[in-house]
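Here's the structure, in structure tokens; my notes come after.
In what follows, every heavy atom counts, from backbone to side chain, and hydrogens, waters and symmetry copies are set aside.
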Amino acid sequence: MAAPAPDLISVFSSPQELGASLAQLVAQRAACCLAGARARFALGLSGGSLVSMLARELPAAAAPAGPASLARWTVGFCDERLVPFEHAESTYGLYRTHLLSRLPIPDSQVITINPQLPVEEAAEDYAKKLRQEREKIVAPISDSPKPPPQRVTLTLPVLNAARTVIFVATGEGKAAVLKRILEGKEENPLPAALVQPHTGKLCWFLDEAAAGLLTVPFEKHSTL
């Protein structure tokens, strides 16, 4: 199977430069989606280093649109650990503390799992909250290789229906797996290689360390 063909692979000199450009892209996509009076903007977030990047850059990037625009954002989580929101590994908990507290997005428009449910029920409950009925869009994970092992994660049909999908990866430790995803022709590709939006845009935002083994063309950026 051939590797996916991203619309854009952007490589930045540092995670700080990457974060600034990422926040601007999110703000631009939001402005585009909210051009209509009744339109809404849906943002699905993952955890890890992305939390600190967006917490540092997104409030300023989104501020020019004003509170009325941010009130029409809906935020969900693409991959959430099944732990209490106060737990250090809770994706929502981290965003609540570091980012959402600085953005005037109504709490009712931040869609979270119910961490008190067993993982299978938590996935079903989260799918209902996302208002999907036709196909399985949320999967329970019980054996994640990176602890904690139980998670609630969005499935490929959701990601491939998005208007824009952005992968963010930094650090030398990601270089080998990125080469597999972006250049490999594996019979059983990694899940990330199967993310290919049907009509949307696929972007990769990497720092130089993460892109160190790539031979495919990419755009080198410098924003500072």
Minimum heavy-atom separation for Lys179 to Leu213, with atom names? NZ-O, 3.1 Å

Is there a path from Ile141 to Val195 through hydrophobic residues (I, L, V, M, F, W, Y) whose side chains come within less than 4.5 Å of each other? no

Heavy atoms only: give me the nearest Ala123-Ala139 pair and the separation to one decimal. CB-C, 4.0 Å

In terms of heavy-atom contacts, Pro189 and Leu194 come closest through CG-CD2, 3.7 Å

Roughly how far, to the nearest 0.5 Å, is the CZ atom of Phe167 from the CG atom of Leu206? 11.0 Å

Less than 4.5 Å apart, side chain to side chain, heavy atoms only: is that true for Val51 and Leu99? no

Can you classify the ring geometry of Phe12 versus His221 as parallel (below 30°), tilted (30 to 60°) or perpendicular (above 60°)? parallel

Let me check something: do Leu214 and Leu190 share a hydrophobic cluster, defined by ILVMFWY side-chain heavy atoms less than 4.5 Å apart, either directly or through other members? yes

So, taking the atom named CG in Leu54 and the one named CG in Leu94, what distance separates them when rounded to the nearest 0.5 Å? 12.5 Å

Using a 3.5 Å distance criterion without hydrogens, assess whether the side chain of Asn160 forms a donor-acceptor pair with backbone atoms of Gln196. yes

Can you tell whether the side chains of Glu80 and Arg151 come within less than 4.0 Å, N to carboxylate O? no

Rounded to the nearest 0.5 Å, what's the gap from CD on Glu17 to OG on Ser10? Could you check? 12.0 Å

State, to 0.1 Å, how close Cys78 and Gly44 come at their nearest heavy-atom pair, and which atoms those are. SG-C, 3.5 Å

Roughly how far apart are Asp207 CG and Ser14 OG, rounded to 0.5 Å? 8.0 Å

Any non-hydrogen side-chain atom of Arg56 less than 4.5 Å from a side-chain atom of Gln16? yes

Does a donor on one side chain sit under 3.5 Å from an acceptor on the other, for Gln150 and Ser144? no

Just list the side-chain donor-acceptor pairs under 3.5 Å for residues 101-115, sequence neighbours left out, or say none.
| unit_1 | atom_1 | unit_2 | atom_2 | d |
| --- | --- | --- | --- | --- |
| Ser101 | OG | Thr97 | O | 3.0 |
| Arg102 | NH1 | Ala55 | O | 2.5 |
| Gln109 | OE1 | Arg40 | NH2 | 3.2 |
| Gln109 | NE2 | Ala71 | O | 2.7 |
| Gln109 | NE2 | Trp73 | O | 2.7 |
| Asn114 | OD1 | Gln116 | N | 3.0 |

Closest non-hydrogen atom pair, Ile9 against Pro217: CD1-O, 4.0 Å

If we ignore angles and hydrogens, is there a donor and acceptor under 3.5 Å between the side chains of Asp79 and Thr153? yes

Do Glu120 and Ser142 have side chains that approach each other closer than 4.5 Å (heavy atoms only, starting at C-beta)? yes

Compare all side-chain heavy atoms of Arg72 with those of Phe41 and state whether any distance is below 4.5 angstrom. no

Atom CG in Leu43, atom CZ in Phe77: separation rounded to 0.5 Å? 8.5 Å

For Pro84 and Ser90, which heavy atoms make the closest approach, and how far apart are they? O-CB, 3.4 Å

Between Glu183 (side chain only) and Val216 (backbone N and O only), is there a donor and an acceptor less than 3.5 Å apart? yes

Close side-chain approach of Val11 and Glu208, heavy atoms under 4.5 Å: yes

Could you walk me through whether Val168 and Met53 pass side-chain contact (heavy atoms from CB on, under 4.5 Å), step by step? CA-CA 10 Å; Val168 177; Met53 285 186 191; 3.9 Å; yes

Could you tell me if the side chain of Val75 sits less than 4.5 Å from the side chain of Leu45, heavy atoms only? yes

Does Val119 belong to the same Ile/Leu/Val/Met/Phe/Trp/Tyr cluster as Val138, with side-chain heavy atoms less than 4.5 Å apart forming each link? yes

Is any side-chain heavy atom of Ser21 closer than 4.5 Å to a side-chain heavy atom of Phe205? yes

Spatial distance of atom CD (Glu57) from atom CG (Leu18) [nearest 0.5 Å]: 10.0 Å

Check: Gly76 main-chain N/O paired with Tyr92 side-chain donor or acceptor under 3.5 Å: no

When you compare the side chain of Lys220 with that of Ser13, does any pair of heavy atoms fall below 4.5 Å? yes

Using the rule that two of Ile, Leu, Val, Met, Phe, Trp, Tyr join whenever any of their side-chain heavy atoms come within less than 4.5 Å, decide whether Ile166 and Leu8 are in one cluster. no

For Ser49, does its backbone N or O pair with a side-chain atom of Ser52 as donor and acceptor, under 3.5 Å? yes

Look at the side-chain heavy atoms of Ile, Leu, Val, Met, Phe, Trp and Tyr, link any pair under 4.5 Å apart, and say whether Leu50 and Val83 land in one connected group. no

